[in-house]
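Heavy-atom basis, side chains included; hydrogens, waters and symmetry copies ignored. First the proteins, then the strands, lettered A, B, ... as listed; each starts at 1.
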Amino acid sequence: MNPVRVRFAPSPTGYLHIGGLRTALYNYLFARKHDGTVILRIEDTDQKRFVDDAEEDIIASLQWAGIEYDEGPGRDGGVGPYRQSERSDIYSEIAEKLVESGHAYIAFDTEEELAGMRERFATEENPNPRYGSSTREHMQNSFSLSEEDVSSRLASAHPHVIRLNVTPGETVSFTDLIRGDIAFATENVDDQILMKSDGHPTYHLANIVDDHMMGVSHVIRGEEWLPSTPKHILLYEALGWDPPKLAHLPLILSPTGGKLSKRSSERAGIPVFVNEYRSAGYESGALINFLALLGWNPGDERELFSMEGLIETFSLERVGQSGVQFDLNKLQWYNEQYLRQRSAQSIATDVKPLLAESGIEPSDEYLERVVEVMKERISIPSDLVEAMYFFQDPTSYDDKTKKKRWKEDSSDLILLFSEKLDPLEPFDATTIEIALRELAEEREAGAGRIIHSVRLATSGVGFGPGLFDLLEVLGKETTIRRLRAAAEILG
RNA sequence: GCCGCGUUCGUCUAGGGGUUAAGGACGCCGCCCUUUCACGGCGGUAACACGGGUUCAAAUCCCGUACGCGGUACCA
């Protein structure tokens, strides 16, 4: 049995996409499960769309997510380099070979000529004619041009591309590990460009050359590659190479059903880039857990998995075949689960800079106590920034709560309560609660009644941590000050 | 248009011919706990796209239709 070697092969045309992270994750899980190797390969053959700091972002995002790679830029495994831009010679050589063996051919068509062809051959039934057996005779290439013409153009450095020579009337089939047997008629496969006129290979050539030379055993990639797979199979055959095993993952869809594009996701409030989740404060473990279960399931009813647990349980057979919609709610739930496992201290460290942005700079001790009472009721650390009442006296009181909870005698009650608190020592949740219940009894008022008024008076809102915890954290002085102020303002 | 892939609760899914009045999770709703907010516990809502076949029996196999998604670049 050949060793398992997988690759994650992003293109540095943008920051790491959430879907890309999932692809990387599934590759990683599969490799670790089978004691295999993970290769990171940078597919930078498109110089026009190259983004300067994309590679850096991809690597940083993977690391944040806990997905390690064994070979890649900076980690030589003996089959590098791992950036396609550094492998140009290899591709040209292979392309040359393909031309010699007749599996590929040279074409000189300009962009205008290609556009003209599409216009000329477009019909209602076929609005997108392809460059292939039915049209290639009408174009500028080594099929239509004389040998002398071709060589003289080549000699004068005439811009040209190399195209795959697809023979019509055949069937290309392969077995997908997730979808089973898939077949394409070669009539529907176009004469794909393999080498662009700028001397760079296209993805199609580069990926099969690299997968072969890097000893990749399993190609696990997004479903958007399924339609171009026959081209890849044809190339493997032409070169006499065994294709790797193939697995095409279902795509992540936006909650409305379409592709999770930048636009659609923004409308749905879903970040597309991994670095956005990171800076928003999501737990990487939660994101990974969520993504793993988005399109895959363990076959039992477990929901919470560590990376180790995922590795142990993962299998491609349990990956679904249909597109999956991104559910921010569920991610949030996962994040809550992970957040609660963390110490107040470590969460406080994360929240600190967020508060500083609003000019709030509490002491570490105070912030930690805030986190302790809030930990169970936030989804993400930044939720704490919403609870400004921990750091500032309320400047307004929620109208709905006021209407519902603020009664005739409320201000009397909270003033009496503040008097009861004054001598309290120590000032903690237990003593506060006793004081409040005493007052309730004395005044024959329901404790709930006082609680609600006090909450509104001290926080300005109708929800938050347990009231006695809240007051303890705020401290005696602040509590009394706020009670008095509220009695005055709310009347 | 053509090619390919898909279709079980709103969402992620289990189930792959008979013990399924279709199970779990998120969400939503209710109850309990709390004379407070949550957490938690308990319960509820809610799905086999449609039409034909095959079979004693179909969510499960086959065909068709509809719908969705992807592809149809000198992008990846």
(request) State whether Phe8(A) and Arg41(A) meet the cation-pi test: NZ (Lys) or CZ (Arg) under 6.0 Å from the six-membered ring centroid, and within 45° of the perpendicular axis. (result) no

(request) Could you check Ile178(A) against Glu124(A) and say which one's nearest nucleotide on RNA chain B is further toward the 5' end? (result) Glu124(A)

(message) I want to check a possible cation-pi pair here: Arg136(A) against Phe143(A), using under 6.0 Å from ring centre and within 45° of the ring axis as the test.
(response) yes

(request) Using both distances under 3.5 Å as the test, list the Watson-Crick or G-U wobble partner of C42(B), or none. (result) G30(B)

(request) With P as the reference atom in both, quote the distance from C50(B) to A59(B) in angstrom, rounded to an integer. (result) 10 Å

(message) Using Watson-Crick or G-U wobble geometry with both distances under 3.5 Å, which nucleotide pairs with U19(B)?
(response) none

(message) Taking any heavy-atom pair under 4.0 Å as a contact, classify Val324(A): base, sugar-phosphate, or nothing.
(response) sugar-phosphate

(request) Indicate, with a heavy-atom threshold strictly under 4.0 Å, whether Asp109(A) touches base, sugar-phosphate, or nothing. (result) base

(request) Check the distance between G27(B)'s P and Phe326(A)'s CZ and give it to me in whole angstrom. (result) 15 Å

(message) Can you check the distance between C42(B) and A25(B), where both ends of the measurement are the P atom (answer in whole Å)?
(response) 9 Å

(message) Closest approach to the side chain of Lys330(A), judged atom by atom: which nucleotide of C12(B), U11(B), U36(B) is it?
(response) C12(B)

(request) Ignoring the backbone of Lys196(A), work out which of A14(B), G40(B), C74(B) is nearest its side chain. (result) C74(B)

(request) Pick the P atom in C33(B) and in A38(B), then give their distance to the nearest Å. (result) 16 Å

(request) Quickly, which of Phe305(A), Tyr277(A), Phe326(A), Trp296(A) forms a ring pair (Phe, Tyr, Trp, His ring centres under 6.0 Å) with Phe290(A)? Name it, please. (result) Phe326(A)

(message) Less than 4.0 angstrom between a side-chain N/O of Thr202(A) and OP1 or OP2 of A76(B), yes or no?
(response) no

(request) Give Gly222(A) one of three labels, base, sugar-phosphate or nothing, depending on what nucleic acid heavy atoms sit under 4.0 Å from its own. (result) nothing

(request) Hey, can you tell me if Trp225(A) and His232(A) have their rings parallel, tilted or perpendicular (30° and 60° cut-offs)? (result) tilted

(message) Show, in sequence, the C-alpha distance, side-chain angles and deciding distance for Glu441(A) and Arg437(A), and conclude whether the salt bridge (charged side-chain N to carboxylate O under 4.0 Å, His left out) test is met.
(response) CA-CA 6 Å; Glu441(A) 211 156 299; Arg437(A) 297 201 187 282; over 6 Å; no

(message) Would you say the rings of His138(A) and Phe121(A) are close, in the sense that their centroids are separated by under 6.0 Å?
(response) yes

(request) Indicate, with a heavy-atom threshold strictly under 4.0 Å, whether Asn329(A) touches base, sugar-phosphate, or nothing. (result) sugar-phosphate

(request) With heavy atoms under 4.0 Å as the rule, sort Thr45(A) into base, sugar-phosphate or nothing. (result) sugar-phosphate

(request) Show your reasoning for whether salt bridge (charged side-chain N to carboxylate O under 4.0 Å, His left out) applies to Arg83(A) and Glu86(A). (result) CA-CA 6 Å; Arg83(A) 279 187 205 91; Glu86(A) 296 165 13; 2.9 Å; yes

(request) Determine: side-chain N/O of Gln321(A) to OP1/OP2 of G6(B), distance under 4.0 Å, yes or no. (result) yes

(request) Identify the nucleotide, in any strand shown, that forms a Watson-Crick or G-U wobble pair with U11(B), with both distances under 3.5 Å; if there is none, say none. (result) A25(B)

(message) Could you identify the nucleotide paired to C61(B), looking across every strand shown and requiring Watson-Crick or G-U wobble geometry with both distances under 3.5 Å?
(response) G53(B)

(request) Tell me yes or no: between the side chains of Thr171(A) and Ser173(A), is some donor less than 3.5 Å from an acceptor? (result) no

(request) Look at Arg163(A) and C74(B) and indicate whether a side-chain polar atom (N or O) is within less than 4.0 Å of OP1 or OP2. (result) yes

(request) Between C2(B), A73(B), C5(B), spot the one nearest the side chain of Arg179(A), thanks. (result) C5(B)

(message) Both distances below 3.5 Å, Watson-Crick or wobble geometry, any strand: find the nucleotide opposite U36(B).
(response) none

(message) Can you check the distance between G23(B) and A46(B), where both ends of the measurement are the C1' atom (answer in whole Å)?
(response) 14 Å

(request) For Arg449(A), answer base if it contacts any base atom (sugar-phosphate contacts may also be present), sugar-phosphate if it contacts only those atoms, and nothing otherwise; contact means non-hydrogen atoms under 4.0 Å. (result) nothing

(message) When you measure from the side-chain N and O atoms of Asn126(A) to the phosphate of C2(B), is any distance below 4.0 Å, counting only OP1 and OP2?
(response) no

(request) Would you indicate, yes or no, if C75(B) has its OP1 or OP2 atom less than 4.0 angstrom from a side-chain nitrogen or oxygen of Lys48(A)? (result) yes

(message) Suppose you measure atom P in A49(B) against the same atom in U35(B); what distance do you get, rounded to whole Å?
(response) 49 Å

(message) Please determine whether any donor N or O and acceptor N or O are separated by less than 3.5 Å between the side chain of Arg455(A) and the base of U36(B).
(response) yes

(request) Could you work out the separation of C63(B) and C39(B) based on their P atoms and round it to a whole Å? (result) 49 Å

(request) Could you check whether the rings of Phe108(A) and His160(A) sit parallel, tilted or perpendicular, using 30° and 60° as the cut-offs? (result) tilted

(request) Determine whether the side chains of Thr123(A) and Asn126(A) contain a donor N or O and an acceptor N or O closer than 3.5 Å. (result) no

(request) Starting from P on C5(B), measure out to CD1 on Ile252(A) and report it in whole angstrom. (result) 22 Å

(request) Please report, rounded to the nearest Å, how far the P atom of A76(B) is from the CG atom of Asp210(A). (result) 13 Å

(message) Heavy atoms from C-beta onward define the side chain here; which of U7(B), C5(B), C39(B) lies closest to that of Ile182(A)?
(response) C5(B)

(request) Identify whether any heavy atom of Tyr203(A) sits under 4.0 Å from a base atom; if not, whether one sits that close to sugar-phosphate; answer base, sugar-phosphate or nothing. (result) base

(message) Tell me the interatomic distance from Leu246(A), atom CG, to C5(B), atom P, rounded to whole angstroms.
(response) 14 Å

(message) Aromatic contact between Tyr69(A) and Tyr82(A), with the criterion being ring centroids under 6.0 Å apart: yes or no?
(response) no

(message) Apply salt bridge (charged side-chain N to carboxylate O under 4.0 Å, His left out) to residues Asp210(A) and Arg7(A) and explain how you reach the verdict.
(response) CA-CA 10 Å; Asp210(A) 290 349; Arg7(A) 48 39 165 216; over 6 Å; no

(request) Return the nearest nucleotide to the side chain of Glu303(A); candidates are A76(B), U35(B), A25(B). (result) A25(B)

(request) Could you check whether Arg318(A) gets within reach of a base, just the sugar-phosphate, or nothing at all, counting any heavy atom under 4.0 Å? (result) sugar-phosphate

(request) Please measure how far the C1' atom in G24(B) lies from the corresponding atom in C62(B), and state the result in whole Å. (result) 31 Å

(message) Under a 3.5 Å threshold, yes or no: a donor from one side chain and an acceptor from the other, between His248(A) and Asp176(A)?
(response) yes

(request) Kindly state which residues belonging to residues 434-441 of chain A come within less than 4.0 angstrom of RNA chain B, counting heavy atoms of the residue only, listed by number. (result) Arg437(A)

Protein-nucleotides 66-70 of chain B N/O pairs closer than 3.5 Å?
none

(message) Regarding Thr13(A), tell me which of base, sugar-phosphate or nothing describes its non-hydrogen contacts under 4.0 Å with the strands shown.
(response) nothing

(message) For Ala185(A) and Pro129(A), find the nucleotide of RNA chain B closest to each by heavy atoms; which residue's nucleotide sits nearer the 5' end?
(response) Ala185(A)

(message) Once you apply a heavy-atom cut-off of 4.0 Å, does Ile450(A) come out as touching a base, just sugar-phosphate, or nothing?
(response) nothing

(message) Tell me which nucleotide, if any, is Watson-Crick or G-U wobble paired with G4(B) when both distances must be under 3.5 Å.
(response) C69(B)

(request) Give one of base, sugar-phosphate or nothing for Arg49(A), where a contact means two heavy atoms less than 4.0 Å apart. (result) base

(message) Suppose you measure atom P in C2(B) against the same atom in U65(B); what distance do you get, rounded to whole Å?
(response) 11 Å

(request) Answer yes or no for Arg318(A) and Phe314(A): cation-pi contact, defined as NZ/CZ to six-membered ring centre under 6.0 Å and angle to ring axis within 45°. (result) no

(request) Take the protein atom NE2 of His200(A) and the nucleotide atom C1' of A76(B), then report the distance between them rounded to whole Å. (result) 14 Å

